[in-house]
Protein chains: 2
Amino acid sequence: MAVKLDEVDLILLRELQEDADRTNVDLARLVGLSPAGTLNRVRRLKESGVVRRITARLDPAKAGFPLQVYVSVTLARHEPRASKGFEDAVRAMPQIISADWVAGEIDVMLLVVARDVAELQQVLVRLSTRGAQRLTTLLRLEELKPASPLPVAPR
Amino acid sequence: MAVKLDEVDLILLRELQEDADRTNVDLARLVGLSPAGTLNRVRRLKESGVVRRITARLDPAKAGFPLQVYVSVTLARHEPRASKGFEDAVRAMPQIISADWVAGEIDVMLLVVARDVAELQQVLVRLSTRGAQRLTTLLRLEELKPASPLPVAPR
DNA sequence: GATGAAATAGCATTTGC
DNA sequence: GCAAATGCTATTTCATC
């Protein structure tokens, strides 16, 4: 599953995770390769899927979503059909920013954003009616450590 | 807190969250503005802090981190001094990809990556010795819904 | 098999409107 | 916000180690 990465790849990954808003020439200087070589490396990293995408990360509050909550979900039933219905509901709700199946005390962990309490409640209600048996809501108060790059450096 | 955003800003934010790996000219065509105008808009979005940064998002497993876990933490003590020590420990551990103070059943929600079980355990032990009273670990099994853009479109 | 250097086309960015 | 202009950059090609 893991892709083979040499030293230069690791530096590129580190830098691109930190700040992808740079010219290829800057990157080239950074890693000590020619622009052409750097371009090839980066293309390969994208094609191999190690780099999934380049995206803008927003400040949720400034973008109009002052409420951010972790929602942990226990499903009422675990048959594939029930799960499928729940999955569809999750994917259809734009306020759900990410969702993962997990192993542990609960079944699914969600990250939900909302413009106000009413919108949040709407999401929670819909989850309840689409297969969630128990919902636990954790209101995000403050960032302790911001979204950080994967520590791809050699150990 | 929220920044004033008009229709064009919202389109730009939507597109940049989806794929920031495009030329300014492409973006301009997309929103129907001149390249210069588009550049100004994007610059303003970055300066205002709505756009925090442009980053590469990696596939954790392909980047060498097959283990990803949510770790919920209850602190042993809640005095500022104890919290500070815990915060420092969290910020110092590169395997902790993000961390948020939350309100609810627990105090802090972490996202942790590791190359193997030993590395994960090392993180958990360190958290325990730095103020965590109770740790609950949720192993991420499978992505139900991938990291998605904030739904900034007008309602 | 990947890198570097050179060349071209296209882009980012500025200025004046 | 637009249009035009300039200086750089992305990207290709080809030679090279």
Side-chain angles (χ1 to χ4, degrees), chain A residues 1-59 62-64 149-155, chain B residues 2-65 149-155:
Chain A
M1 190 71 190
V3 173
K4 257 197 197 168
L5 302 166
D6 68 13
E7 195 80 10
V8 174
D9 291 327
L10 294 180
I11 301 178
L12 284 173
L13 288 177
R14 187 150 46 76
E15 295 296 333
L16 287 173
Q17 286 187 96
E18 205 66 64
D19 178 9
D21 197 9
R22 278 181 290 198
T23 64
N24 182 59
V25 171
D26 280 348
L27 273 182
R29 272 192 280 266
L30 224 70
V31 298
L33 249 60
S34 72
T38 307
L39 208 64
N40 273 327
R41 293 291 193 125
V42 173
R43 185 183 8 240
R44 228 173 304 142
L45 289 171
K46 288 172 185 165
E47 277 168 5
S48 69
V50 183
V51 173
R52 278 187 164 184
R53 54 214 302 232
I54 309 288
T55 67
R57 305 227 187 182
L58 309 192
D59 182 311
K62 287 188 177 168
L150 294 174
V152 291
R155 260 198 280 197
Chain B
V3 173
K4 255 194 197 167
L5 302 166
D6 68 12
E7 194 80 11
V8 174
D9 291 327
L10 294 179
I11 301 178
L12 284 172
L13 289 177
R14 185 151 46 77
E15 295 296 334
L16 287 173
Q17 287 187 95
E18 205 67 63
D19 177 9
D21 198 9
R22 277 181 291 199
T23 65
N24 182 59
V25 171
D26 280 349
L27 272 183
R29 272 192 280 265
L30 223 69
V31 299
L33 248 60
S34 71
T38 307
L39 207 63
N40 275 326
R41 293 289 194 127
V42 174
R43 187 185 3 243
R44 228 174 301 143
L45 289 171
K46 288 173 184 165
E47 276 168 5
S48 69
V50 183
V51 172
R52 279 187 164 185
R53 52 212 307 229
I54 309 288
T55 67
R57 308 229 186 181
L58 309 192
D59 182 310
K62 288 189 177 168
F65 297 91
L150 294 174
V152 291
R155 258 198 285 200

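Both backbone and side-chain heavy atoms feed into the values below; hydrogens, waters and symmetry mates do not. Naming: A, B, ... by sequence-line order, numbering from 1 per chain.
Looking at B:Arg22 and B:Glu15, their side chains come closer than 4.5 Å, going by heavy atoms from C-beta outward. Residues B:Leu13 and B:Val51 meet the side-chain proximity criterion, which asks for heavy atoms closer than 4.5 Å.
With rounding to the nearest 0.5 Å, the separation of CG in B:Leu39 from CZ in B:Arg44 is 10.5 Å. Once rounded to the nearest 0.5 Å, the distance linking CG of A:Asp26 with CG of A:Asp19 reads 9.5 Å.
Of the candidates C:dA12, C:dC11, C:dT3, the closest approach to any side-chain atom of A:Arg44 belongs to C:dT3. Side chain of A:Asn24, nearest nucleotide from C:dA2, D:dT11, C:dA12: D:dT11. Checking D:dT9, C:dA12, D:dG1 against every side-chain atom of A:Val25, the shortest atom distance belongs to D:dT9. When distances are taken from the side chain of A:Leu39 to each of D:dT11, C:dT13, C:dC11, the shortest belongs to D:dT11. Among C:dG4, D:dC2, C:dT13, the nucleotide with an atom closest to any side-chain atom of A:Leu33 is C:dG4.
What separates CG of A:Leu27 from P of D:dT9 is a distance of 12 Å, to the nearest Å. We find that NZ of A:Lys4 is positioned 13 Å from P of C:dG1, with the value rounded to whole Å. Residue B:Ile54 contributes atom CD1, which lies 13 Å from atom P of C:dA12 at whole-angstrom precision. Atom CZ of A:Arg41 is separated from atom P of D:dA10 by 18 Å (rounded to the nearest Å). If you take CD of A:Glu7 and P of C:dA2, they are 17 Å apart, rounded to a whole angstrom. As a whole-Å value, the separation of A:Glu47 CD from C:dA2 C1' is 15 Å. Between the CG atom of B:Asp26 and the C1' atom of C:dG10 there is a distance of 11 Å, given to the nearest Å. Protein atom CZ of B:Arg43 is 13 Å distant from nucleotide atom C1' of D:dG1, rounded to whole Å.
Using a 4.0 Å heavy-atom cutoff across all strands shown, B:Arg22 reaches no nucleic acid atom at all. Across all strands shown, A:Ser34 has heavy atoms under 4.0 Å from base atoms, whether or not it also approaches the sugar-phosphate.
Checking A:Ile11, A:Asp9, A:Leu27 one by one against A:Arg41, the side chain to side chain contact (heavy atoms under 4.5 Å, CB included) holds for a single residue, A:Asp9.
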